[in-house]
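Structure below; questions to follow.
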Amino acid sequence: MFLPISRKEMDSLGWDCADVIIVSGDAYVDHPAFGHAVIARILESEGLRVAILPQPNWRDDLRDFKKLGQPKLFFGVTSGCLDSVVSHYTANKRLRSDDAYTPGGQAGFRPDRATTVYSKILKQLFPNTPVILGGIEASLRKTTHYDFMEGRLMPSILCDSNADLLVYGMGEKPIIEIARKMQRGENIFDTPQVAFLRDMNPVINPPFDAMTEAEIDRSFDLPYERKPHPRYLKRGDIPAFEMIKNSITTHRGCFGGCSFCAIHEHQGKFIASRSEKSILEEAKKISGNVISDLGGPSANMYKMGGVDKSLCSKCKRRSCLFPEICDNLNTNHKVMNELYAKVSRIKKVFIGSGVRYDMLLHKPCKENDIYIENLILHHTSGRLKLAPEHTEEHVLKLMGKPSFEFFKKFLLIFQKICGKHNLKTQIMPYLMSSHPGCTMDDMKALARKLKDLNIRPEQVQDFTPTPSTPSTDMFYRALTKSKDAPFVATGEKEKLEQKGVFFL
């Protein structure tokens with residue numbers, strides 16, 4: 001059964017009210033890739049009555065916010081799977097014409113700064129009911145941050161939203177503890193992994209440890225319907241769901257620590273991996289004979305981490321891979337080879353997530369060689385996705401990315417395997433323009449070097465300053481003309497020129 005999203009559905013369940021109401025800027029998709037569904041299902045598993053209010057109308061008399069009534073415990077508020085400002089606007093501040101998390105891909109069903117807008121309305125209508133923020137928009141904006149649409153520093157989202165509490169990062173563990181404390185009448189402000197205001201200053205409690213295998217299995221094994229709510233049937237497909245409906249998440253977190261990455265800021269650098277049993281059971285539930293992706297923020301970090309965990313607990317490095325790969329990191333791909341083989345007995349498996357090729361080349365071994373060959377021969381659907389991002393060393397250093405020499409070495413291995421087996425598989429590189437430190441000359445060098453390697457990229461991502469990332473800090477320092485700031489392309493003309501260098 002889907003969780004209720006209307007008063008009629010609540011009545012059919014015999015509910016006089018809900019314990020918790022989750023308000024989301026995304027359409028309701030009951031799938032573990034959608035945060036509102038995960039938090040709702042994890043609270044349901046605690047015996048709570050949970051309703052979902054997806055994409056409420058904030059422009060009218062606010063009837064949507066009233067229709068489910070007042071919850072006994074709290075409102076949970078999220079903008080959705082993306083920061084609403086980043087999802088609404090291009091890097092040149094142009095309004096996007098679509099929204100991948102809305103039926104039919106239609107734009108206009110959520111406001112800018114959705115978390116703040118929803119929260120303020122709820123506090124206006126239900127001033128005595130706690131409002132708890134969560135999701136990536138809340139995580140990235142929990143402290144003072146640069147907002148590229150406003151072009152200025154903005155205070156913590158807690159200041160503008162009037163919310164009572166903010167959960168940052170992946171929210172299952174803190175939201176369970178908060179709900180239990182509320183039911184017992186205990187203080188919720190000493191919960192790990194939350195932020196709140198004290199004398200107008202944000203207080204941020206340390207996070208929980210990364211989820212154990214049993215904890216993350218519990219989250220993914222909940223009774224999701226694994227599809228959008230039937231109310232959307234006549235409105236068209238939800239593009240984001242169509243993209244992931246046949247994919248499986250094997251782990252969360254990324255120890256790559258790229259300077260521009262919002263996922264790293266939200267999920268953290270320590271990997272939380274599911275059990276083989278949980279993954280195999282999900283593979284059986286997917287309709288059809290093909291799994292479109294088996295991975296996470298990076299494809300090949302499943303079950304990886306430090307050999308000596310005590311060293312990891314003391315480590316202050318943002319990245320385990322940059323400026324060089326940590327000697328304590330286990331980069332052997334044996335466990336992934338075994339997982340791929342077992343899932344492949346159930347369905348055809350492709351790897352759609354980006355692959356960290358520098359890890360495969362770090363300490364050459366038989367298992368890593370097997371991974372590379374199997375990846376190219378059996379798990380690549382015509383194009384292998386890699387993310388060199390750039391070719392110029394000084395730009396890569398600012399990005400927190402490995403030397404382009406690693407890409408060239410991997411390319412030679414790739415070409416050798418394709419030649420041996422007469423494959424026409426291509427490499428699809430992810431590239432970025434206008435990152436802090438990148439000039440037009442750097443982009444021309446990038447285009448020239450890829451052309452020499454006979455690689456023609458189809459698209460280039462223009463850098464967008466995402467709140468709270470190191471790259472955005474560089475961008476802001478450049479705007480304020482700090483002495484140590486790198487060059488930054490800020491004007492629309494120069495940004496378009498950098499992005500269009502391949503298509504001149």
Side-chain angles (χ1 to χ4, degrees), residues 30-35 37-46 169-177 193 207-226 244-255 263 266-287 290-309 312-313 320 329-353 355-356 359 367-368 370-371 374-375 378-379:
D30 198 38
H31 187 282
F34 288 75
V38 173
I39 296 302
R41 288 295 185 185
I42 204 81
L43 289 170
E44 181 195 38
S45 73
E46 290 284 301
M170 308 308 286
E172 292 102 321
K173 293 175 78 170
I175 208 66
I176 288 173
E177 183 159 327
Q193 207 169 310
F208 278 97
D209 291 336
M211 296 177 81
T212 64
E213 183 178 276
E215 288 170 336
I216 197 168
D217 277 359
R218 178 192 177 191
S219 180
F220 277 88
D221 295 347
L222 293 168
Y224 302 98
E225 289 290 329
R226 304 189 61 84
I244 59 86
K245 66 181 180 181
N246 293 325
S247 67
I248 297 177
T249 299
T250 59
H251 62 279
R252 292 179 182 161
C254 179
F255 45 70
I263 295 176
H266 185 55
Q267 295 193 10
K269 77 172 184 177
F270 295 112
I271 304 300
S273 297
R274 298 167 64 184
S275 67
E276 276 191 355
K277 179 182 178 182
S278 175
I279 293 168
L280 293 172
E281 286 301 313
E282 184 172 358
K284 295 173 185 175
K285 294 176 184 176
I286 290 178
S287 60
V290 176
I291 293 171
S292 59
D293 188 23
L294 186 68
S298 289
N300 55 326
M301 292 185 182
Y302 177 70
K303 295 279 188 178
M304 284 194 175
V307 177
D308 184 343
K309 297 296 190 291
C312 296
S313 66
C320 304
L329 181 66
N330 172 24
T331 57
N332 189 295
H333 285 59
K334 180 177 186 294
V335 174
M336 267 173 284
N337 288 335
E338 294 171 349
L339 176 67
Y340 288 13
K342 291 177 182 178
V343 180
S344 294
R345 295 187 193 115
I346 300 172
K347 287 180 172 70
K348 175 67 177 176
V349 175
F350 292 116
I351 305 302
S353 304
V355 174
R356 286 296 303 230
M359 289 182 3
E367 291 292 344
N368 289 11
I370 291 172
Y371 182 90
N374 283 340
L375 175 69
H378 306 299
H379 305 303

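Sequence positions, counted from 1, serve as the residue numbers for this chain.
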Does Lys342 pair with Glu338 as a salt bridge, N-O distance under 4.0 Å? no

Is there a donor-acceptor pair under 3.5 Å between the side chain of Asn246 and the backbone N or O of Ser292?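 No, because the side chain of Asn246 does not come within donor-acceptor range (under 3.5 Å) of the backbone of Ser292.
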
Do Glu367 side-chain atoms and Val335 backbone N/O form a donor-acceptor pair below 3.5 Å?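 No: the side chain of Glu367 does not pair with the backbone of Val335.
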
Hey, what do you get for CG (Asp308) to CG (Leu329), rounding to the nearest 0.5 Å?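 Interatomic distance, Asp308 CG to Leu329 CG, rounded to 0.5 Å: 12.5 Å.
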
Is any side-chain heavy atom of Cys254 closer than 4.5 Å to one of Ile263? no

Considering all heavy atoms of both residues, which atom of Met336 and which atom of Ala299 are nearest to each other, and what is their separation?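 In terms of heavy atoms, the two residues are closest at SD-O, 4.1 Å.
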
From CG (Leu339) to CD1 (Ile279), nearest 0.5 Å: 5.0 Å

Please examine the side chains of Arg226 and Pro32, heavy atoms only from C-beta on, and report whether any two atoms are closer than 4.5 Å. yes

Contact summary for Asp293 and Ser353, nearest pair of heavy atoms: OD2-OG, 2.6 Å

Quick one: closest heavy-atom pair of Ser247 and Ile291, and the distance?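 Ser247 and Ile291 have their closest heavy atoms at CA-CG2, 4.4 Å.
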
Are the side chain of His379 and the backbone of Tyr371 linked by a donor-acceptor contact shorter than 3.5 Å? no

Taking every heavy atom of Lys173 against every heavy atom of Asp209, the minimum-distance pair comes out as NZ-O, 3.2 Å

Backbone N or O of Thr249 within a donor-acceptor pair of the Arg274 side chain at under 3.5 Å?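 Yes; judged by distance alone, with no hydrogens or angles, the pair exists.
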
Testing Ile351, Val349, Asn374 one by one against Tyr340 for a side chain to side chain contact (heavy atoms under 4.5 Å, CB included), which residue passes?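 Of the listed options, the one satisfying the test is Ile351.
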
Asn368 side-chain N/O to Thr331 backbone N/O, donor-acceptor pair under 3.5 Å: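 Between the backbone of Thr331 and the side chain of Asn368 there is a qualifying donor-acceptor contact (under 3.5 Å).
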
Could you give the distance from CD1 (Ile39) to CD1 (Ile176), rounded to the nearest 0.5 Å? 8.0 Å

So, does Gln267 use its side chain to make a donor-acceptor pair with the main chain of Arg252 at under 3.5 Å? no

Closest heavy-atom contact between Tyr224 and Ala37? CE2-O, 3.9 Å

On a heavy-atom basis, which atom in Cys312 and which in Phe270 lie closest, and how many Å separate them? O-CZ, 3.8 Å

Under 4.0 Å between a Lys/Arg side-chain N and an Asp/Glu carboxylate O for Glu215 and Arg218? no

Do any N or O atoms from the side chain of Lys347 and from the backbone of Ile286 form a donor-acceptor pair under 3.5 angstrom? yes

Using side-chain heavy atoms (C-beta onward) and a distance below 4.5 Å, is Met301 in contact with Arg356?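 Sidechains of Arg356 and Met301: in contact.
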
Could you tell me whether Lys348 atom NZ has more than 12 heavy atoms of other residues or ligands within 6.0 Å of it?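 More than 12 heavy atoms, drawn from other residues, nucleotides or ligands, come within 6.0 Å of this atom.
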
Lys285/Glu282 salt bridge by N-O under 4.0 Å criterion: no

I want to check something: taking the side chain as every heavy atom from C-beta on, are Arg41 and Asp30 in contact at a cut-off of under 4.5 Å? yes

Taking the side chain as every heavy atom from C-beta outward, state whether Met359 and Asn300 have any atom pair closer than 4.5 Å.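 Answer yes - side chains close enough.
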
Taking C-beta and beyond as the side chain, do Ile244 and Phe34 meet within less than 4.5 Å on heavy atoms? yes

